Amino acid sequence: MDHAGFTEICLHQLKMSGVRDGERLVVLTQGNDRLSYADAFMAAGQRLGARMYHMRLPTPLPTAGWNVGVTGLAALPDAVEALKNCDMLIDCVFLLFSPEQFAIQAAGTRILTAVEPPELLARMQPYPELREKVEIAAGLLDAAKVMRITSPHGTDVTYKLNTYDTIAEYACNDTPGRWDHWPSGFVFTGGDDDGVDGQIVVAPGDILLPQNIMVRDPITYTIERGWVTDIRGGLEAEIVKSYMESFNDRRGYGMSHVGWGMNPQARWHNFVPGEFPGGMGMEPRSFYGNVMFSTGPNNELGGPNTTACHLDIPMRNCSLLLDDEAIVIDGEVVVKDIQMSRN
């Protein structure tokens with residue numbers, strides 16, 4: 001995508017995010033990554049009269065690697081203070097789960113993460129109906145006390161919902177202190193720390209993130225009182241177990257967030273082997289009617305688990321009930337108020 005085209009979709013995003021004349025916006029990048037994103041956002045923000053800045057972090061050391069919640073800002077407290085003093089941060093690094101992000105949000109800065117490929121950002125631009133429906137869905141989830149998920153493959157798990165708030169992601173952000181991710185389109189919460197019990201069967205065609213692979217042989221998770229106690233299956237189950245064991249952290253076996261996808265612009269079939277376009281896998285997290293569960297950290301929800309061992313697993317063809325009311329049946333959203341037309 002050329003600079004002019006990229007600038008236009010960033011302009012649409014900033015308008016949806018309520019950017020106005022005189023606001024202070026910072027685009028955060030690291031090393032040589034996503035410098036074109038900074039250029040496009042800077043040009044778009046200037047057209048709206050915003051005061052635009054680009055903060056570029058040093059390239060991480062080759063031995064540093066990447067872990068959930070670990071960022072280059074940790075060693076730069078002055079940079080964190082500067083970001084606390086802006087109105088909006090465009091995060092092109094991926095700060096999610098980090099103490100630095102939480103501190104910036106607590107100061108009132110709104111944050112939008114944008115790390116997916118430009119072509120995906122263009123196809124999954126935010127729009128008013130998506131926000132409206134996601135916010136209605138979030139209200140349903142926030143009022144519920146019990147979630148039950150089932151599937152034809154043998155999933156039958158219950159989440160007690162008495163502890164954590166609901167988070168709505170609709171791919172834009174005009175609210176101080178809030179975080180969102182472009183692209184997105186889903187709602188989620190967390191079960192009580194000791195309140196998740198049952199079995200989840202990850203079926204062929206479901207997706208493992210961050211491994212960025214589709215499952216071919218079923219993976220059976222046994223969950224007791226909020227903890228994964230057993231994982232069985234074929235090759236993908238062995239990959240999951242090896243990944244989790246590599247952290248040497250029991251907290252990685254805790255159950256994290258759970259919810260369902262709401263974005264009809266997201267395509268499950270774009271994630272077939274060899275087609276992963278890059279980024280953080282936001283398209284499979286968002287596709288309409290998927291039910292996604294997660295293991296590991298829940299500090300995003302205000303919980304105590306800060307482990308770096310994190311898995312998101314969007315699943316197809318599941319049914320999800322809130323207080324015995326059907327929300328998703330066999331992968332189809334069935335509540336009229338939150339149904340969306342599918343292209």
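Quick caveat, the model's predicted, so the values are computed rather than measured.
The side-chain hydrogen bond (donor to acceptor under 3.5 Å, both in side chains) search around E23 returns R20, R110, not counting sequence neighbours. Considering only residues two or more places apart in sequence or on other chains, Q199 meets the side-chain hydrogen bond (donor to acceptor under 3.5 Å, both in side chains) condition with none of them. For the side-chain hydrogen bond (donor to acceptor under 3.5 Å, both in side chains) test, no residue two or more places apart in sequence or in another chain qualifies with R250. Scanning for side-chain hydrogen bond (donor to acceptor under 3.5 Å, both in side chains) contacts around E169 gives an empty result, with sequence neighbours left out. With sequence neighbours excluded, no residue forms a ring-ring contact (aromatic ring centres under 6.0 Å, His included) with W227.
Taking CE of M147 as the start and CG of L322 as the end, the distance is 5.5 Å to the nearest 0.5 Å. Distance CG/L73 to CD1/I104: 5.5 Å, rounded to 0.5 Å.
Without hydrogens or angle criteria, T175 side chain to R178 main chain gives no donor-acceptor distance under 3.5 Å. With hydrogens and angles ignored, the 3.5 Å screen pairs no side-chain donor or acceptor of N248 with any backbone N or O of S246. Looking only at distances, no side-chain donor or acceptor of H54 sits under 3.5 Å from a matching main-chain atom of L35. Using modelled atom types, one side-chain atom of Y288 and one backbone atom of M340 make a donor-acceptor pair closer than 3.5 Å. Here the side chain of N173 pairs a donor or acceptor atom with the backbone of I111 at under 3.5 angstrom. A donor-acceptor contact shorter than 3.5 Å links the side chain of T189 to the backbone of Y164. Under the 3.5 Å distance criterion, the side-chain polar atoms of T109 are left unmatched by any main-chain donor or acceptor of Q105. Remark: the backbone N or O of Q13 is paired with a side-chain donor or acceptor of S17 at under 3.5 angstrom. For W182 (side chain) and M124 (main-chain N/O), a donor-acceptor pair under 3.5 Å exists by modelled atom type. Formation of a donor-acceptor pair under 3.5 Å by the N305 side chain with backbone atoms of N298 is not found in this model.
In the hydrophobic cluster analysis, where Ile, Leu, Val, Met, Phe, Trp and Tyr join through side-chain heavy atoms closer than 4.5 angstrom, M292 is grouped apart from V215. Grouping the Ile, Leu, Val, Met, Phe, Trp and Tyr side chains by contacts below 4.5 angstrom, directly or via other members, places M55 with V93. I213 and Y243 fall within the same hydrophobic cluster, defined by Ile, Leu, Val, Met, Phe, Trp and Tyr side-chain heavy atoms under 4.5 Å apart, directly or through other members. At a threshold of 4.5 Å between side-chain heavy atoms, the hydrophobic network of Ile, Leu, Val, Met, Phe, Trp and Tyr places L130 and F287 in two separate groups. In this structure, V157 is a member of the same hydrophobic cluster as I313, with clusters built from ILVMFWY side-chain heavy atoms closer than 4.5 Å.
Within a 6.0 Å sphere centred on NZ of K160, other residues, nucleotides and ligands contribute 12 heavy atoms or fewer.
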Should R123 and E119 be marked as a salt bridge (charged side-chain N to carboxylate O under 4.0 Å, His left out) after you check the CA-CA gap, both sets of side-chain angles, and the distance that decides it?
CA-CA 6 Å; R123 178 160 52 80; E119 293 75 16; over 6 Å; no
Might you work through the salt bridge (charged side-chain N to carboxylate O under 4.0 Å, His left out) test for D39 and R34, ending with a clear yes or no?
CA-CA 9 Å; D39 291 341; R34 304 187 181 94; over 6 Å; no
For L25 and V19, run side chain to side chain contact (heavy atoms under 4.5 Å, CB included): C-alpha distance rounded to whole Å, both residues' side-chain angles, the deciding distance at 0.1 Å, then the answer.
CA-CA 9 Å; L25 270 66; V19 173; 3.8 Å; yes
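Within the structure, the ring pair (Phe, Tyr, Trp, His ring centres under 6.0 Å) test picks out the following pairs touching residues 298-319 (sequence neighbours left out): F97-H310, H257-H310. The stretch residues 70-88 participates, sequence neighbours left out, in these side-chain hydrogen bond (donor to acceptor under 3.5 Å, both in side chains) pairs: T71-E100, E81-K84. Within the structure, no pair that satisfies the salt bridge (Lys or Arg N to Asp or Glu O under 4.0 Å) test touches residues 202-215, not counting sequence neighbours. Listed by first and then second residue, the salt bridge (Lys or Arg N to Asp or Glu O under 4.0 Å) pairs involving residues 293-322 are R285-D312 (not counting sequence neighbours). Screening residues 121-163 for ring pair (Phe, Tyr, Trp, His ring centres under 6.0 Å) gives no qualifying pairs among residues at least two apart or on separate chains. The stretch residues 1-19 participates, sequence neighbours left out, in these salt bridge (Lys or Arg N to Asp or Glu O under 4.0 Å) pairs: E8-R47. Applying the salt bridge (Lys or Arg N to Asp or Glu O under 4.0 Å) rule to pairs touching residues 209-229 yields D194-R225, sequence neighbours excluded.
R148 and D323 are not joined by a salt bridge, as no carboxylate oxygen comes within less than 4.0 angstrom of a charged side-chain nitrogen.
The only option from T113, T29, L112, V27 that meets the side chain to side chain contact (heavy atoms under 4.5 Å, CB included) definition with D91 turns out to be T113.
Using cut-offs of 30° and 60° for the angle between ring planes, the F94 and H181 rings count as tilted.
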